[in-house]
Amino acid sequence: MPRRALPRPVAWAFLPFATVSLLHVVLLALAHPLAGPTKLLLMPLLAVPVLAAAPRVARRSAVALLLAALVFSWLGDGAGALFPAAPELPLMLAFFGIAHVAYIVLFSRHLAQRRLPWWTLVYAAWWVAMILALGPHTGPLLIGVAAYGLLLGGTAAIAARCHPLVAMGGVFFLTSDTILAFRLFLPDALPAWSSPAVMATYTLGQGLLVAGALLVLTRRRDA
């Protein structure tokens, strides 16, 4: 019988990521100075279960794509701290854009289980609505924001072709970046607690994407 859950060592390997994610969100809510350093730990810790699962995954290119998505997500998370002399927001868009490309290729080539559901049209409507709402406030970043929105919506849509955990991860990732976009371009439109909400939905989204991907990839190896 195919495995219906993650191998126990891989499942336990998510614990450090889950713990630091919760700690980071709490520190962010408290405006604690350690919120920044803990943010930089998130993606490296999420890579731990990927590395733990790697010997159980037959498709090495899938592992490479998953790690690439996490590496560029980490660069996006730390754009301001790692590249202080560069403009932070364009770097974030670029790094996360590459991460989404890696996710899209991973989902399309290795994880897709069904055709694109009709309800994913909501992601196209989301993109149009975001451009209409935020476009006038993005200034010279309009093209970059629009392009990133296409990649973000594309990731969520293609994730819907995969395991339900991956599909849910795509929804939470999109939710996180939607809140963040309003915080960046319409800061008066959201309350202060929306900052922890960005990271709560982001860490949940990334965790579900990785967990769902590893569940499918290790199950195929067992089969």
Side-chain angles (χ1 to χ4, degrees), residues 1-25 39-77 95-96 98-117 119-120 123 151-152 154-177 199-223:
M1 291 288 292
R3 185 183 295 275
R4 297 185 179 276
L6 282 169
R8 187 168 297 178
V10 178
W12 278 106
F14 277 92
L15 185 58
F17 168 73
T19 302
V20 175
S21 294
L22 179 59
L23 175 63
H24 171 69
V25 172
K39 183 179 182 181
L40 290 178
L41 293 175
L42 295 172
M43 293 303 103
L45 289 176
L46 189 52
V48 172
V50 179
L51 297 174
R56 303 170 185 263
V57 176
R59 302 181 180 184
R60 299 304 182 199
S61 58
V63 175
L65 285 166
L66 199 48
L67 289 174
L70 295 180
V71 167
F72 282 100
S73 294
W74 177 73
L75 290 171
D77 286 341
F95 287 136
F96 275 112
I98 297 171
H100 284 296
V101 170
Y103 273 133
I104 288 170
V105 175
L106 172 69
F107 299 162
S108 301
R109 291 186 179 179
H110 300 288
L111 301 181
Q113 301 173 344
R114 60 185 68 88
R115 292 183 178 180
L116 200 66
W119 58 261
T120 54
Y123 294 130
L151 290 173
L152 176 62
T155 297
I158 297 176
R161 298 181 59 198
C162 307
H163 189 279
L165 287 180
V166 178
M168 287 190 292
V171 171
F172 278 109
F173 204 145
L174 182 138
T175 301
S176 173
D177 276 2
M199 292 306 298
T201 49
Y202 171 70
T203 53
L204 185 56
Q206 289 275 31
L208 288 171
L209 290 177
V210 172
L214 294 180
L215 182 62
V216 173
L217 294 170
T218 56
R219 179 186 297 173
R220 287 176 178 173
R221 177 61 178 265
D222 289 341

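In terms of heavy-atom proximity, Leu152 sits nearest to Leu174 at CD1-CA, 3.9 Å. When all heavy atoms of Leu116 and Ala157 are compared, the closest pair comes out as CD1-O, 3.3 Å. A pairwise comparison of heavy atoms in Gly170 and Leu209 identifies N-CD2, 3.5 Å as the closest pair. The two residues Leu6 and Ala211 come nearest to each other via the heavy atoms CD2-O, 4.1 Å. Across all non-hydrogen atoms, the minimal contact from Ser21 to Leu42 is OG-CD2, 3.5 Å. Considering all non-hydrogen atoms of both residues, Leu208 and Gly169 come closest at CB-CA, 3.6 Å.
Side-chain contact between Val171 and Tyr123: present, with at least one pair of heavy atoms (C-beta onward) separated by less than 4.5 Å. Looking only at side-chain heavy atoms (C-beta outward), Leu46 and Phe14 come within less than 4.5 Å of each other. For the pair Val48 and Pro16, the minimum side-chain heavy-atom distance is 4.5 Å or more. Using a 4.5 Å cut-off on side-chain heavy atoms (C-beta onward), Ser73 and Phe96 make contact. Here the side chains of Pro9 and Arg56 are in contact, with some heavy-atom distance below 4.5 Å. With contacts defined as side-chain heavy-atom distances shorter than 4.5 Å, the pair His163/Leu111 does not qualify. For the pair Met43/Phe17, a side-chain contact is recorded, criterion being any heavy-atom separation below 4.5 Å from C-beta on. Using a 4.5 Å heavy-atom cutoff, the side chains of His110 and Val216 are not in contact.
In this structure, Thr19 contributes its side chain and Leu15 its backbone to a donor-acceptor pair below 3.5 Å. In this structure, Thr203 contributes its side chain and Met199 its backbone to a donor-acceptor pair below 3.5 Å. Trp74 contributes a side-chain N or O that, together with a main-chain N or O of Leu40, makes up a donor-acceptor pair within less than 3.5 Å. Side chain of Arg60 to backbone of Ala54: a donor-acceptor contact under 3.5 angstrom is found. Listed for the Arg161 side chain is a donor-acceptor partner under 3.5 Å among the backbone atoms of Arg114.
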Practice item. List the steps and the verdict of side chain to side chain contact (heavy atoms under 4.5 Å, CB included) for Phe107 and Val166. Key: CA-CA 9 Å; Phe107 299 162; Val166 178; 3.8 Å; yes
Check your understanding: side chain to side chain contact (heavy atoms under 4.5 Å, CB included) between Leu66 and Tyr103: does it pass, once the steps are laid out?
Key -> CA-CA 7 Å; Leu66 199 48; Tyr103 273 133; 3.9 Å; yes
Point to revise | Phe72 and His100: CA distance, side-chain angles, deciding distance, side chain to side chain contact (heavy atoms under 4.5 Å, CB included) verdict | key: CA-CA 9 Å; Phe72 282 100; His100 284 296; over 6 Å; no
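Interatomic distance, Ile98 CD1 to Leu75 CG, rounded to the nearest 0.5 Å: 8.5 Å. Atom-to-atom distance recorded for Asp77:CG and Gln206:CD is 7.5 Å, nearest 0.5 angstrom.
Between Phe173 and Tyr202, a ring centre-to-centre spacing shorter than 6.0 Å is recorded.
Checked against Val50 for a side-chain contact (heavy atoms from CB on, under 4.5 Å), the options Leu70, Val57, Leu217 give a single hit: Leu70.
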